[in-house]
2 protein chains.
Amino acid sequence: MFSKSCEYAIKASIFIAQHRDGVTCVGVKEIAKGIQAPEYFVAKIIQELSRKKAINSIKGPNGGFCMSEAQMKKPILDIVVLMDGDGLVNNCILGLEHCSSDNPCPMHHEYQKIKQSMRNMLENNTVADFKSLVNLKKAVLNTN
Amino acid sequence: MFSKSCEYAIKASIFIAQHRDGVTCVGVKEIAKGIQAPEYFVAKIIQELSRKKAINSIKGPNGGFCMSEAQMKKPILDIVVLMDGDGLVNNCILGLEHCSSDNPCPMHHEYQKIKQSMRNMLENNTVADFKSLVNLKKAVLNTN
DNA sequence: ATAATAAAAGATATTAATGTCTTTTATAGT
DNA sequence: ACTATAAAAGACATTAATATCTTTTATTAT
């Protein structure tokens, strides 16, 4: 479904959003622990998110990562597309280059609805939405 | 979504089913051409399908691959599970080891419906179903 | 200015997926 | 028996994903 990079990116975004109190940032180490993912790998990924303006970073002492309200209100789809591209919500499930209702692969019609609901799910839910669930202890980001 | 191996396995199964006239088999070369996939790679994959009894193979002159009615009536999910395991219809979308409605990841509830419809789609459609679409020219297995 | 901190960037390592080629085995037809 | 055919099996190659480590840059606090 998602690549590991994308999984980590989603979880890291939610974790960063969750720890936003408007003042302090959260560092790579804490993020990696919080989402149970390898530290150096997470570092790479959130650097990329930062470069692509999905999150903010601050260097030096007391530095780290944080998100603006605007960034938190972005749909999760944005994160997914940044990491994995839009294949999940656009491509043919059987990998046909040109698959459409005119020229469908055998699974096209069956898959259309699923692809659409996947797209809706990713478009209609923001980082903030998922952050709230975690804050309310209605969801978790790790298995501890 | 699916691995390349799984994509090829699904397309190859449908292709083999489609060419079944009860008498002759279809060879690797023809299959690979028919589904626009690398010949040697397809060979590996259908060998695996054969070993796992999803298709039959016959060695020697006029040999090749074919499927029984029973094999054609298996849901596509069987092929998917043989190639990629059951992660797609069972695992957490964020990769949590223990994700359930009791202890959900942030996306769990949103994803449940989608995972279920994916499972239904793969369980309720057989190789024969998709084969029919191709035979009726209502679907294609390649982009030529 | 200097030292400490933490991200950015770059280099390297490991593993898994994908793809290709060669040799072996089974079978059919002569 | 011999030859041709085609899958089976095994070895090898390439690429992409995942993971780790080192060096550099920016910033803060002393």
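Below, chain A is the first sequence line, B the second, and so on; all start at residue 1. Keep in mind it's a predicted model, so treat the numbers as computed, not measured.
- What separates CD1 of A:Ile55 from C1' of C:dA7 is a distance of 11 Å, to the nearest Å.
- One finds a salt bridge joining A:Glu7 and A:Lys4 here, because a Lys/Arg side-chain nitrogen approaches an Asp/Glu carboxylate oxygen to under 4.0 Å.
- Checked against D:dT22, C:dA7, D:dA19, the side chain of A:Tyr40 finds its nearest nucleotide in D:dT22.
- Nearest-nucleotide positions on DNA chain D for A:Tyr8 and B:Lys29 put B:Lys29 closer to the 5' end.
- Distances shown here put every side-chain N or O of A:Arg51 at or beyond 4.0 Å from the OP1 or OP2 atom of C:dA7.
- Comparing A:Ala43 and B:Pro38 against DNA chain C, the residue whose closest nucleotide sits nearer the 5' end is A:Ala43.
- Atom NZ of B:Lys115 has more than 12 heavy atoms from other residues, nucleotides or ligands within 6.0 Å.
- B:Ser50 places no side-chain N or O within donor-acceptor distance of the main-chain N or O of B:Ile46, the cut-off being under 3.5 Å.
- Whole-Å rounding puts the A:Glu39 CD to C:dA7 C1' distance at 12 Å.
- If you measure from atom CD of A:Glu30 to atom P of C:dT5, you get 16 Å, rounded to the nearest angstrom.
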For nucleotides 4-6 of chain D, give me every protein contact, N/O to N/O, under 3.5 Å, one pair per line with atom names.
| unit_1 | atom_1 | unit_2 | atom_2 | d |
| --- | --- | --- | --- | --- |
| D:dT5 | O2 | B:Pro61 | N | 3.4 |
| D:dA6 | O4' | B:Gly60 | O | 3.1 |

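- Rounded to whole Å, atom P of C:dG19 lies 11 Å from atom CD1 of B:Ile35.
- Rounded to whole Å, atom P of D:dA9 lies 11 Å from atom CD of B:Glu48.
- One atom, NZ of B:Lys4, and another, P of D:dA17, lie 12 Å apart when rounded to the nearest Å.
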For this session: Could you give me the CA-CA distance, side-chain angles and deciding distance for B:Ile10 and B:Val80, then say whether side-chain contact (heavy atoms from CB on, under 4.5 Å) is met?
Result: CA-CA 7 Å; B:Ile10 294 170; B:Val80 172; 4.0 Å; yes
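- A distance of 11.0 Å separates CG in B:Asn124 from OG in B:Ser117, rounded to the nearest 0.5 Å.
- Rounded to an integer number of Å, the gap from B:Ile46 CD1 to D:dA8 P is 8 Å.
- Taking only side-chain nitrogens and oxygens, B:Ser5 never comes nearer than 4.0 Å to OP1 or OP2 of C:dA17.
- Counting only N and O atoms by type, the side chains of B:Asp129 and B:Thr126 include a donor and acceptor under 3.5 Å apart.
- Minimum atom distance to the side chain of A:Lys44 is reached by C:dA11, of the listed D:dT22, C:dT18, C:dA11.
- For A:Ser50, whose side chain is taken as the heavy atoms from C-beta onward, the closest listed nucleotide among D:dA19, C:dA8, D:dT18 is C:dA8.
- Rounded to an integer number of Å, the gap from B:Gln47 CD to C:dA26 C1' is 13 Å.
- Rounded to the nearest 0.5 angstrom, A:Phe15 CZ and A:Lys33 NZ are separated by 10.5 Å.
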